[in-house]
Protein chains: 2
Amino acid sequence: MTQSKTDPRVLRTRKLIMDSFIELSAKKEFKDITIKDITTEAMINRATFYYHFEDIYDLLEKVLSEVLLVNLNCSSYQNDELNEEVFVSIFTAITNFQKSLSNRCHRGYEDTIARIIREQLEIIFYKMLEKTESVKEEEALRTIAVILSWGIYGASVEWKRFDMKVPPEEFIKSAIPYLMSGIEIGSRK
Amino acid sequence: MTQSKTDPRVLRTRKLIMDSFIELSAKKEFKDITIKDITTEAMINRATFYYHFEDIYDLLEKVLSEVLLVNLNCSSYQNDELNEEVFVSIFTAITNFQKSLSNRCHRGYEDTIARIIREQLEIIFYKMLEKTESVKEEEALRTIAVILSWGIYGASVEWKRFDMKVPPEEFIKSAIPYLMSGIEIGSRK
DNA sequence: TTCGATATGTCGGATATCCAACACATCGAT
DNA sequence: ATCGATGTGTTGGATATCCGACATATCGAA
């Protein structure tokens with residue numbers, strides 16, 4: 001928006017790092033991925049990584065945010081409405097991401113990942129709720145975003161607990177009524 | 001060998017440029033590819049291109065050389081002998097490269113491309129002949145390399161003239177006797 | 001012809017990236 | 001406990017890359 005163009009080098013480098021991380025995540029568990037692995041794959045210096053990211057969790061956070069945003073822009077296509085399609089695309093994005101992240105669960109790391117995913121979901125939901133020009137005040141929107149983010153994340157955990165037997169689209173469609181129940185979403189502008 | 005490690009940035013940038021060029025070649029004719037196209041795809045500045053390459057023909061030359069060398073290292077695997085397998089892998093590398101380069105022929109550009117391909121072939125053949133520790137003198141090896149390079153390039157032209165009906169492997173295998181005829185290759189060390 | 005529009009190549013000053021080295025933490029082996 | 005090996009995070013000086021501007025060439029349209 002108001003930012004005066006970022007250096008192409010940082011865009012390129014960030015992309016190289018993120019792509020490398022996604023690439024590595026398909027092969028290794030999260031806990032086995034080191035900064036050196038990432039920078040080697042990305043063909044950049046290790047120090048440069050720290051120029052862009054705090055640590056590997058910061059990277060995880062930004063990759064996830066990117067993945068969610070891209071998926072949203074592709075699917076709902078600026079519809080800016082919290083309809084079923086949006087929920088489906090967010091949910092499938094999460095499950096895809098989690099599948100690629102770590103095949104085996106590993107205590108201690110999963111908690112951190114869970115927190116990061118949920119926080120990002122909250123941010124996304126809050127942004128979308130803002131755009132609906134709802135009459136509600138900020139505090140109310142914040143609460144709705146929190147509930148939705150915990151809810152949809154919980155749904156993904158439940159989906160994994162069922163050994164991913166049902167396709168994500170189907171699973172989340174049947175769960176949407178429970179997500180929305182009791183929450184007045186101000187989507188009718 | 002004796003070179004004291006090149007800066008990782010130049011390796012990365014060269015790879016980005018070359019990959020982008022190959023990528024673009026699959027979509028456009030060679031004559032329609034501009035430097036700006038390449039640098040945009042590679043996410044680098046246009047000036048940086050000229051830091052690494054003289055012009056687009058220099059790039060073409062280096063990409064081709066790279067492609068041939070990689071294919072050789074993969075197939076004959078340091079065998080360092082001019083056997084049938086080597087000819088086959090070189091020939092298929094050329095035909096693949098030409099197919100990806102330009103679908104429609106275009107006068108004036110094809111000549112330049114032809115010259116570059118042939119020159120690179122000559123370099124490759126000369127290097128391989130050197131390694132065979134043949135008793136022949138430099139001048140003789142040079143001549144053999146020239147004849148082989150023109151010969152195998154001619155074969156690829158002939159193959160295209162037949163509308164690529166035969167698989168490259170088959171075509172070149174039947175042509176190898178003609179390539180070798182009359183040339184004493186000092187491969188028996 | 002003459003004119004815009006576009007591509008090529010070049011240059012000097014600004015900046016992101018690289019390198020080597022450092023301190024620190026973790027962890028398995030002896 | 002002590003050690004070596006490995007990973008994290010930081011720093012200052014060197015260098016590749018970026019930017020904006022410039023000159024030149026080509027080419028299709030007015």
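Letters go in sequence order (proteins before strands), and every chain restarts at 1. Quick caveat: nothing in here was measured; it's all calculated off a predicted structure.
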Quiz item: Taking only residues two or more places apart in sequence, or in another chain, which ones meet B:E23 in a side chain to side chain donor-acceptor pair (under 3.5 Å)?
Solution: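 Applying side chain to side chain donor-acceptor pair (under 3.5 Å) to B:E23 gives none.
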Rounded to whole angstrom units, what separation is found between the [atom1] atom of [X] and the [atom2] atom of [N]?
X	N	atom1	atom2	answer
B:K36	C:dG9	NZ	P	15 Å
B:I35	C:dG9	CD1	C1'	9 Å
A:Y50	D:dG9	OH	P	4 Å
B:K31	C:dA7	NZ	P	13 Å
B:I38	C:dG9	CD1	C1'	14 Å
B:L59	C:dT8	CG	C1'	15 Å

What nitrogen or oxygen pairs link the protein and nucleotides 24-26 of chain C at under 3.5 Å?
none

Quiz prompt | Listed partners of B:D55 passing salt bridge (charged side-chain N to carboxylate O under 4.0 Å, His left out), at least two apart | solution =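 B:D55: no salt bridge (charged side-chain N to carboxylate O under 4.0 Å, His left out) contacts found.
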Quiz item: With B:E158, which residues qualify under salt bridge (charged side-chain N to carboxylate O under 4.0 Å, His left out), at least two apart?
Solution: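 Per chain and number, B:E158 pairs via salt bridge (charged side-chain N to carboxylate O under 4.0 Å, His left out) with B:R161.
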Exercise. Tell me whether the OP1 or OP2 atom of C:dT6 has a side-chain N or O from B:T34 closer than 4.0 Å.
Key: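 Indeed not, no polar side-chain atom of B:T34 lies that close.
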Exercise. Take nucleotides 11-26 of chain D nucleotide by nucleotide from the 5' end and write B, S or -, depending on whether a protein heavy atom sits under 4.0 Å from the base, only from the sugar-phosphate, or from neither.
Key: B---BBBSB-------
Quiz item: Does the side chain of A:L121 come within less than 4.5 Å of A:L148's, by heavy atoms?
Solution: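 A:L148 vs A:L121: side chains apart.
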Quiz item: Taking the six-membered ring for Trp, is the centroid-to-centroid distance between A:F53 and A:F21 below 6.0 Å?
Solution: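 That pair fails the under 6.0 Å test.
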Quiz item: So which pairs with a foot in residues 8-19 of chain B pass side-chain hydrogen bond (donor to acceptor under 3.5 Å, both in side chains), sequence neighbours left out?
Solution: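 Passing the test, one end in residues 8-19 of chain B: B:D7-B:R9, B:K15-B:D19.
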Among all residues two or more places apart in sequence or in another chain, which pass the side-chain contact (heavy atoms from CB on, under 4.5 Å) test with [X]?
X	value
A:K173	A:E84, A:V88
A:A145	A:E122, A:F125, A:Y126, A:L129
A:P168	A:F91, A:T92, A:T95, A:W159

Exercise. Please report how far the helix from C:dT1-D:dA30 to C:dT30-D:dA1 bends, comparing the axis fitted to its first five pairs with the axis fitted to its last five, to the nearest 10 degrees.
Key: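 The value is 30°.
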Pairs under 3.5 angstrom only: tabulate donor-acceptor contacts from the side chains of residues 59-66 of chain B to other protein residues two or more places apart or in another chain.
{"from": "B:K62", "atom 1": "NZ", "to": "B:D58", "atom 2": "OD1", "distance (Å)": "3.2"}
{"from": "B:K62", "atom 1": "NZ", "to": "B:D58", "atom 2": "OD2", "distance (Å)": "3.1"}

Table please: side-chain donor-acceptor pairs of residues 40-52 of chain A below 3.5 Å, with sequence neighbours left out.
{"from": "A:T40", "atom 1": "OG1", "to": "A:K36", "atom 2": "O", "distance (Å)": "2.7"}
{"from": "A:N45", "atom 1": "OD1", "to": "A:A47", "atom 2": "N", "distance (Å)": "2.8"}

